[in-house]
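Report on the structure given below.
Below, read A as the first sequence line, B as the second, and so on, with proteins coming before strands; counting in each chain starts at 1.
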2 protein chains.
Amino acid sequence: MEKASTSIRSRSRRPAADLAAALLDAAAVEFAAHGFEGASTRRIAERAGAHQPQINYHFASKEQLWRATVDRLFALLVVPDVAAAPDPASAFAAGVERFLQVSASHPALNRIVNQEATAPSSRLDWLVATHLRPLHRLVAAAWADVRASGAGADLPADEVWELVTTYGALRFANAPMLALLEIPSGTEPADAAEHARRVLSVLGLAPAPGSRPGRR
Amino acid sequence: MEKASTSIRSRSRRPAADLAAALLDAAAVEFAAHGFEGASTRRIAERAGAHQPQINYHFASKEQLWRATVDRLFALLVVPDVAAAPDPASAFAAGVERFLQVSASHPALNRIVNQEATAPSSRLDWLVATHLRPLHRLVAAAWADVRASGAGADLPADEVWELVTTYGALRFANAPMLALLEIPSGTEPADAAEHARRVLSVLGLAPAPGSRPGRR
DNA sequence: GTCTATACCGAGATAGAC
DNA sequence: GTCTATCTCGGTATAGAC
């Protein structure tokens, strides 16, 4: 599409950590747009302003680069303040909003997950075992707390997971398609917050900034 | 993964139309699993029990094969009985169920759409202009009728479109991932019908086999 | 219409000078 | 650590015998 800078940086002119980070940023974009098999290390390197063999130097292989990219994206989901919410319902709502904020600002996360989700592969096995299953467990436990506190709609935890990861996240992951359909899908924090409100409303956790949860 | 049959059919032993259909079936699976760029015409031909150059004979190019594959999948969505429903709400519900039945029996449809949805491309332009925009218009008009009849939840048409295409369809498109998460997602007609009931419930069109629409 | 053979290109990865 | 040069493989597409 477009050159990273004017051309490739001259010579050994960047701290190694910076280059690794630039490669990971570029890899996220390319893997998200073309999938693992469709993405090319040449284009990733070009986007990062580097030469293609640099990838094999800093990462062992294309697959290792992919894993490092995924690790970096999922790390954005860990919330700094654990359990700083007054009740299970607002804690859950805060988690959903956090997820959607990251989904809006880093659409590569859900794009990569959905690219892998449609076919069995060693990458999908790793993705589920390393990242998705722990998250899924966390969400299930948190939803059980919400329900035990009397809040939330009468939905099983798996339905909640599906609603949040599909209806919640795809608005940002599929932004190029929605734009062509003229369905507005802003990615500013305020847009993500508004979308989170809609998702939470389906979950029976209506506005909930203060309290007053259990609706339905 | 696995050979189509024992090996490639001996010689000119299949009507041309059959081979074209077999190639389209194989293409749907491969494009759905690996995306346009990740799929290979060699594997598609192999899966169809044909030789790779046959693809360029029956279809002009990989891209033309892809378009023919998409056309064939979207053709499954056209309902034979138009306007055979007593009221807008049950007509809408029948359309949603039809969509989810096809999504369950032919997961390639939504997989291919989602593969393309994440990045601009000439394929996405064609997909939206040819198939998605007409469908989107149809759904918007049908939802307006539902709302005018006093039925359905207080949601804008675009939200309804998003809910149906994401929460509704991804359960089947992402089945390999959901299986690893041990989230049950059967693809039998009864499973699809049950899922349709859940989706329709979110839309405020609860059971609605007979009538009694407007809930919320 | 179908086959074999192959042209041509771009992929990921490696060697070795600097 | 970074570069150029190159290896090997698999991709799409085409030529031409049958």
Side-chain angles (χ1 to χ4, degrees), chain A residues 1 3-24 26-31 33-69 115 119 121-123, chain B residues 1 3-24 26-27 29-31 33-69 115 121-123:
Chain A
M1 289 293 171
K3 291 288 191 51
S5 52
T6 46
S7 81
I8 289 172
R9 295 295 230 281
S10 48
R11 268 175 183 274
S12 57
R13 251 315 171 64
R14 212 163 13 167
D18 284 11
L19 176 56
L23 285 171
L24 288 170
V29 175
E30 294 290 327
F31 283 136
H34 308 288
F36 177 81
E37 311 181 77
S40 103
T41 56
R42 282 182 146 93
R43 278 212 302 254
I44 293 170
E46 185 184 359
R47 180 181 286 272
H51 293 265
Q52 184 261 346
Q54 301 280 79
I55 286 180
N56 291 81
Y57 178 79
H58 286 277
F59 306 90
S61 66
K62 186 185 183 183
E63 176 134 4
Q64 291 302 314
L65 172 64
W66 181 86
R67 290 194 183 189
T69 303
Q115 298 270 15
S121 73
S122 59
R123 292 187 304 280
Chain B
M1 290 296 172
K3 290 286 192 53
S5 52
T6 48
S7 79
I8 289 173
R9 295 294 231 282
S10 47
R11 268 177 182 272
S12 57
R13 252 314 173 63
R14 213 168 5 173
D18 283 11
L19 176 55
L23 285 172
L24 288 170
V29 176
E30 293 290 328
F31 283 135
H34 307 288
F36 176 81
E37 310 181 75
S40 103
T41 56
R42 276 181 150 96
R43 279 212 301 254
I44 292 170
E46 185 185 0
R47 179 181 287 271
H51 293 264
Q52 184 262 346
Q54 300 281 82
I55 286 180
N56 291 81
Y57 178 79
H58 286 276
F59 306 90
S61 65
K62 186 186 183 184
E63 176 134 3
Q64 291 302 314
L65 172 63
W66 181 87
R67 290 193 184 190
T69 303
Q115 297 271 16
S121 74
S122 59
R123 292 187 305 280

Non-hydrogen atoms of A/Lys62 and A/Glu37 that approach each other most closely: NZ-O, 3.8 Å
Output the rounded distance in Å from CD (B/Glu63) to C1' (D/dT12). 13 Å
B/Gln64 CD to D/dT12 C1', straight-line distance once rounded to whole Å: 14 Å
Within the pair A/His51 and D/dG1, is there a side-chain N or O less than 4.0 Å away from OP1 or OP2? no
Once you round it to whole Å, what is the distance between P of C/dA13 and NE2 of A/His58? 15 Å
Categorize A/Ala39 for me: base, sugar-phosphate, or nothing, with a 4.0 angstrom heavy-atom threshold over every strand shown. sugar-phosphate
Can you measure B/Glu46 atom CD to D/dG10 atom C1' for me and round it to whole angstrom units? 13 Å
Using whole Å, report how far CD of B/Gln54 lies from P of C/dT2. 5 Å
Which of these nucleotides, C/dA13, D/dA13, D/dT2, is closest to any side-chain atom of B/Lys62? D/dA13
Which atom of A/Phe59 lies closest to which atom of A/Ala68, heavy atoms considered: CE2-CB, 3.9 Å
Quick one: closest heavy-atom pair of A/Ala48 and A/Ala22, and the distance? CB-O, 3.6 Å
Value in whole Å for how far the P atom of D/dA5 lies from CG of A/Asn56: 18 Å
A/Ile44 and A/Leu65 have their tightest heavy-atom pair at CD1-CD2, 4.1 Å
Which whole-number value in Å describes the distance from A/Glu37 CD to C/dA11 C1'? 13 Å
Using a cut-off of less than 4.0 Å, is there contact between a side-chain N or O of A/Gln52 and OP1 or OP2 of C/dA13? no
Starting at CD1 of A/Ile55 and ending at P of C/dA11, how long is that distance when rounded to a whole Å? 11 Å
Counting side-chain heavy atoms from C-beta on, which of C/dG12, D/dT12, D/dA13 comes nearest to B/Ser40? D/dT12
Check the angle between the aromatic planes of B/Phe31 and B/Phe36 and answer parallel, tilted or perpendicular using the 30° and 60° thresholds. parallel
Check every atom of C/dA13, D/dT2, D/dT12 against the side chain of A/Leu19 and return the nucleotide holding the closest atom. D/dT2
Closest-nucleotide mapping onto DNA chain C: is A/Arg42 or A/Pro53 further toward the 5' terminus? I mean the 5' end. A/Arg42
